[in-house]
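Everything on this sheet refers to the single structure shown next.
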Amino acid sequence: MRTWQRPHYLVPDKRWRIALWIAFFLYLIVGIGSIEVNWQRVYEGLERGGRFIEGFLNPNFTRRAADIYSGIYESLTMTVTSTVVGILLSIPFGMGAARNISPKPIYLFCRSFIAVSRSMQEVIVAIFLVALFGFGAFAGFLTLTYATIGFLGKLLAEEIEEIDKKQLEAIASTGASWLQRMHIAIWPQVMPRMIGLSFYRFDINFRESAVIGIVGAGGIGATLNTSIDRYEYDSAGAVLILIILIVLACEYLSGWIRKWVS
Amino acid sequence: MLKIEHLKKRYKSGPWVLKDISFEVPDGEIVGLIGPSGAGKSTMIRCVNRLIDPSEGNIQLDDVSLSSLSSSKIREQRRHIGMIFQEYALVERLSVMENVLSGRLGYLSFWRSFLRRYPQEDIDNAFEYLDRVGLIDHANKRADELSGGQRQRVGIARALAQDPRLLLVDEPTASLDPKTSRQIMRLIQSICREKALSAIINIHDVPLAMQFVDRIIGLQGGEVVFDGKPDELTEDVLTRIYGDEDWTDVKPDDEDDEQESEEAA
């Protein structure tokens with residue numbers, strides 16, 4: 001009788017497999033053991049957490065109303081401006097970073113710019129830009145614009161690299177210039193996804209605007225930070241509820257628009 | 001008159017895809033380029049409008065040497081060379097009309113085409129070409145709504161919009177059913193006759209080629225192994241081009257064909 005067993009492709013030697021599993025579990029046990037937990041502190045924190053949930057359930061929109069609404073307004077302004085400028089700048093960077101349409105030096109420059117932009121989290125960029133330009137929405141606007149270029153630039157470049165080359169070849173064969181080829185052969189192929197991604201990025205930028213506010217880059221995040229610092233959990237709850245509502249609205253809207261363009 | 005002299009092509013340091021090809025195409029002649037896959041047919045016609053740069057040799061259209069033009073100068077010449085593709089290569093998300101008008105891009109500035117401000121004459125002509133290929137009612141449909149045969153007609157109208165002196169046609173019928181294939185070949189043939197256009201047509205289907213072209217060139221391994229009238233294409237010649245096979249059924253069935261032309265008329 002011929003028996004059959006699926007061969008182990010990854011680690012063919014059984015002894016090695018056992019050794020690797022043992023090493024992995026040992027590391028896991030030692031690793032978990034090395035995390036110090038101060039149970040006393042956790043207990044105190046639970047109480048604070050309870051008060052926070054209480055504040056969240058009884059949000060206070062009035063005490064800091066002026067701060068909250070100016071914060072929301074600033075965040076929205078920051079989001080809209082940085083998304084629009086980010087999209088406009090991501091188009092040349094994305095085109096430059098697409099291997100199939102760009103000369104090598106431009107490709108390398110745009111790719112590295114995008115890679116650097118993507119490797120740094122928004123908060124880190126914001127800390128740096130706040131140090132450069134001072135507290136406020138301008139640093140936030142720059143941070144989000146920079147992050148948008150990295151995000152959309154990369155996705156646009158990938159989209160361009162995956163286009164149907166025949167359409168490009170056909171337009172090239174009519175004697176079209178480089179710009180005409182981009183506009184007539186490539187843009188129609190990438191546009192629906194580009195619009196969808198832009199709205200998706202709008203969502204992300206609003207959420208990020210709340211986070212980078214905490215490190216001083218203006219907007220609703222600054223208001224949230226102040227409330228928490230002063231133990232005004234009901235005001236913080238109000239801010240969080242507003243953020244959630246706006247994010248939900250953005251998500252719903254962008255989903256609807258994406259469906260509509262495709 | 002298209003003149004090809006000692007054309008050679010290799011990719012990087014790979015093998016020669018085209019080995020010393022020379023032939024002439026007088027004005028108004030339709031040439032069928034046949035040969036097995038990988039014989040270099042597709043490379044051959046792309047060397048003419050420089051979608052692929054030839055390695056050696058000279059290609060001359062009327063009094064312009066296409067093979068020695070710089071890449072910025074070649075754009076001007078491409079305007080005069082219409083190209084029709086195997087899978088139509090229309091911009092799927094643009095309308096039929098926009099696809100036809102894209103044949104004019106070489107004549108327009110970027111801003112004019114960007115704002116879709118095409119000259120009235122171009123628009124009039126585009127409607128005329130759409131009428132000629134029987135798609136006048138589909139002008140504002142998106143290209144991806146059309147059937148294969150209709151898309152190829154749009155491809156033909158786009159090539160016509162260039163006001164070309166030469167047509168390069170790459171496997172125009174490979175994705176079409178036999179009946180549509182004949183209609184498309186007949187359309188290309190009659191347009192070439194009307195406008196006294198010369199054409200080079202890459203084609204797999206030997207009987208179809210024999211029926212619609214004036215002259216056949218057989219490529220095999222990057223070399224011309226046959227150049228003559230369709231009725232000189234004997235079994236011996238087919239064996240030389242494609243290798244040993246039973247070729248007795250390849251000759252087109254004349255009776256069938258007459259019936260079809262009546263239908264079309």
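Residue numbers begin at 1 in each chain, while the letters A, B, ... track the order of the sequences. All heavy atoms count here, side chains included; hydrogens, waters and symmetry mates do not.
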For atom CZ of Phe135(A), decide whether the heavy atoms of other residues, nucleotides or ligands shown that lie under 6.0 angstrom number more than 12. no
Atom CZ in Arg158(B), atom OG1 in Thr174(A): separation rounded to 0.5 Å? 7.5 Å
Nearest 0.5 Å, please: how far is CD1 in Ile184(A) from CG in Asn99(B)? 9.0 Å
Which portion of Gln77(B) sits near chain A, non-hydrogen atoms under 4.5 angstrom: neither
Take atom CZ in Arg17(A); do more than 12 heavy atoms of anything else shown fall under 6.0 Å from it? yes
Applying a strict 4.5 Å limit to non-hydrogen atoms, the region of Ile171(A) in contact with chain B is side chain
Shortest non-hydrogen contact from Glu169(A) toward Leu51(B): CG-CD1, 3.5 Å
Give a yes or no on whether Glu121(B) atom CD has more than 12 heavy-atom contacts from other residues, nucleotides or ligands under 6.0 Å away. no
Is chain A contacted by the side chain of Ser72(B), its backbone, both, or neither, given a heavy-atom distance below 4.5 Å? neither
Residue part contacting chain A, namely of Arg112(B), when any heavy atom lies under 4.5 Å: neither
Surrounding CZ of Phe113(A) (heavy atoms of other residues, nucleotides or ligands, distance under 6.0 Å), is the total greater than 12? yes
Side chain, backbone, both or neither of Arg46(B) within contact of chain A (heavy atoms, under 4.5 Å): side chain
How about CZ on Arg117(B), more than 12 heavy atoms from neighbouring residues, nucleotides or ligands closer than 6.0 Å, or not? no
Tell me if the CZ atom of Phe199(A) is crowded by more than 12 foreign heavy atoms within 6.0 Å. no
Heavy-atom proximity to chain A below 4.5 Å, by part of Glu98(B): neither
Just wondering, more than 12 heavy atoms not from Tyr107(A) lying within 6.0 Å of its OH? yes
Partner chain A: residue of Ala161(B), Ala89(B), Pro164(B) with the largest heavy-atom pair count (under 4.5 Å): Ala89(B)
Do the side chains of Arg93(B) and Pro192(A) get nearer than 4.5 Å, heavy atoms only? yes
Which class fits the ring pair Phe110(B) and His183(A): parallel under 30°, tilted 30 to 60°, perpendicular over 60°? perpendicular
Specify the closest pair of heavy atoms between Met83(B) and Ser173(A), including all atoms of both residues, with the distance to one decimal. CB-OG, 3.7 Å
Within a reach of under 6.0 Å around OH of Tyr73(A), are more than 12 heavy atoms found that belong to other residues, nucleotides or ligands? no
Taking every heavy-atom pair that is under 4.5 Å apart, which of Lys166(A), Gln180(A), Arg181(A), Gln189(A) has the most such pairs with chain B? Gln180(A)
Could you have a look at Gln167(A), Lys165(A), Met191(A) and say which one has the most heavy-atom pairs with chain B under 4.5 angstrom? Gln167(A)
Greatest number of non-hydrogen atom pairs under 4.5 angstrom with chain A, of Asn49(B), Ile74(B), Ile81(B), Leu108(B), falls to Leu108(B)
Over all heavy atoms of both residues, which pair between Arg75(B) and Gly175(A) is shortest? Give the atoms and the distance, please. NH1-O, 3.0 Å
